[in-house]
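Shown next, in structure tokens, is the structure this report addresses.
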Amino acid sequence: MTLQPEIDGERLLRRLDAFARIGATPAGGVNRQALSVEDRSARRLLAELALERGFTVFQDGLANLFIRREGSDAALPPLLIGSHLDSQPTGGRFDGALGTLSAFEALEALEDAKAQTRMPVEVVAWTNEEGSRFAPGVMGSMAFAGADTAAWKLIVGSDGASLAEELDATIAALPEAAQRPIGMPISGYIELHIEQGPSLEKERMPIGVVTAVQGTRWLEVCIQGSAGHAGTTGLAYRRDPMVAAVAAMHRLQAAIMPLDADARLTVGRIAAQPGSINAIPQSVIFTVDLRHPQPERLDAIEAEVRQVCRAEAEARNCTAAIARSFDMPGAAFSPDMIDVVEEAVNSLRLPHKRMISGAFHDALFIARVAPAAMIFVPCRDGLSHNEAEYVEPAHAITGARVLLQAAIVAASAKNN
Ligand code: HGY
Ligand code: MN
Ligand code: MN
């Protein structure tokens, strides 16, 4: 009797709850930053669940975690489905976890139905998608897509940890995962993710078929002034980098987003050195996250950030140094894989819309080496990178059903 693979919604919801307990924060979110003890616990749980089902588990040199279910032709490059397990410091329970656990649920559904796929199907949990502890983000997928990682050995995290040491410790913490080189031929990649924006919910649309991802650029602005005594240094004698930084941020917030609805400019982190309550800072460093669907606008906005920071620094006898710490050009996904996803949505008779992603994702780099596409589901108020992030259980299950259907088509499943 041929069984049609079906998502077990209750099992998926139980998994989401179990993983949400790893790094759970009092406000209902998760703090499971890349390569942390919490990240390792989540990886271990997923690997153990996989081994219990008889799947094989692999890790590469960037600690990307792969869970493999064989196909009828093991020589064919696998179809990859997945996302990431790491989170923001005050992240939500669904960003990354929904895609990774739905991919695992799809693998279990294939196994439950003893469905045969021609190609092997592998679930992947990419390392350090967020980039909040160790910049840049999407490290695991970037390396898989061929990025030169030599310079990454020197990276120190926002908490002072060594990336190289944390990577080694994470890999060593999962000896059950066989080692494999970074990068391999794959037949395609499909990622399910929450929209992290308001449009699907506003349009009461259960599914988004993602056609492209906008470009992202991260800058680090360092304004150097002169440390001094808070009580004795009069205005005329001050070279205060904090005043310059605040003036620059104020000008940029007024000049960019209000004049360009597609532009995104965010200052997420600021630090003063020496950071003493009664000393004028010697220097102030702040980060700028820029996004835009048009590359030429991203260039123009970056140029404006550089010009404004320099001008506001010079006006206070300070200097400004601006460095790019991350440059992720936007890209369109494969029309063929987009069609596979859309056919899956149509076969389930679901309303949907095609859309561009405002957030970056691992799929953006994997699209450089294989046909890739993404599926979005709505999240409440479009909220993400916030502990209140929430997805209706029905939407989570619907997203997983689309992922399973698309994976069956993409891996040319044949029921035995
Ligand atoms: O920042 C991003 O776009 C992704 O959600 N990490
Ligand atoms: Mn994500
Ligand atoms: Mn995220």
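Remember, it's 1-based here, ligands and their atoms both numbered in the order they're listed.
- The atom of Asp95 nearest to the Mn ion (ligand 2) is OD1, with the search restricted to N, O or S atoms.
- Annotation for ligand 1: atoms under 4.0 Å from non-hydrogen atoms of Glu129 are 4 (C), 6 (N).
- Between Gln88 and ligand 1, no N or O atom pair is found at a separation short of 3.5 Å.
- Polar contact with ligand 1: absent for Asp95 (N/O pair, distance under 3.5 Å).
- The residue from Asn31, Thr25, Val30 that alone fulfils the side-chain contact (heavy atoms from CB on, under 4.5 Å) condition with Glu387 is Thr25.
- His385 lies close to the Mn ion (ligand 3), since one of its N, O or S atoms is found at a distance under 2.8 Å.
- The distance from the Mn ion (ligand 2) to the nearest N/O/S atom of His193 is under 2.8 Å.
- Contact check on Glu389 versus Arg380 returns no salt bridge, with no Lys/Arg side-chain nitrogen under 4.0 Å from an Asp/Glu carboxylate oxygen.
- Note on ring orientation: taking the six-membered ring where Trp is involved, the planes of Phe66 and Phe144 are tilted (angle from 30° to 60°).
- Using a 4.0 Å cutoff on heavy atoms, His385 counts as a contact of ligand 1.
- Taking any N or O of Trp218, backbone or side chain, none lies under 3.5 Å from an N or O belonging to ligand 1.
- Other residues, nucleotides and ligands contribute only 12 or fewer heavy atoms inside 6.0 Å of the NZ atom of Lys202.
- Between Asp159 and Arg133, at least one side-chain nitrogen of the basic residue sits less than 4.0 Å from a carboxylate oxygen of the acidic one, meeting the salt-bridge criterion.
- For ligand 1, the atoms closer than 4.0 angstrom to any heavy atom of Glu130 are 6 (N).
- The Mn ion (ligand 3) is closest to atom OE2 of Glu130 (considering only N, O or S atoms).
- Salt bridge present: Glu342 and Arg354 bring a charged side-chain N and a carboxylate O closer than 4.0 Å.
- Asp260 has no carboxylate O lying under 4.0 Å from a charged side-chain N of Arg291, or vice versa, which leaves the two without a salt bridge.
- Here Phe360 and Phe326 bring their ring centres to under 6.0 angstrom of each other.
- In Gln196, the part holding a heavy atom less than 4.0 Å from any atom of ligand 1 is the side chain.
- For the pair Arg291 and ligand 1, a heavy-atom separation below 4.0 Å is found.
- Heavy-atom contacts of Ala359 reach the following atoms of ligand 1: 3 (O), 5 (O) (cutoff under 4.0 Å).
- Not a single N or O atom of Gly358, backbone or side chain, sits closer than 3.5 Å to an N or O atom of ligand 1.
- In this structure, Phe376 has its ring center under 6.0 Å from that of His361.
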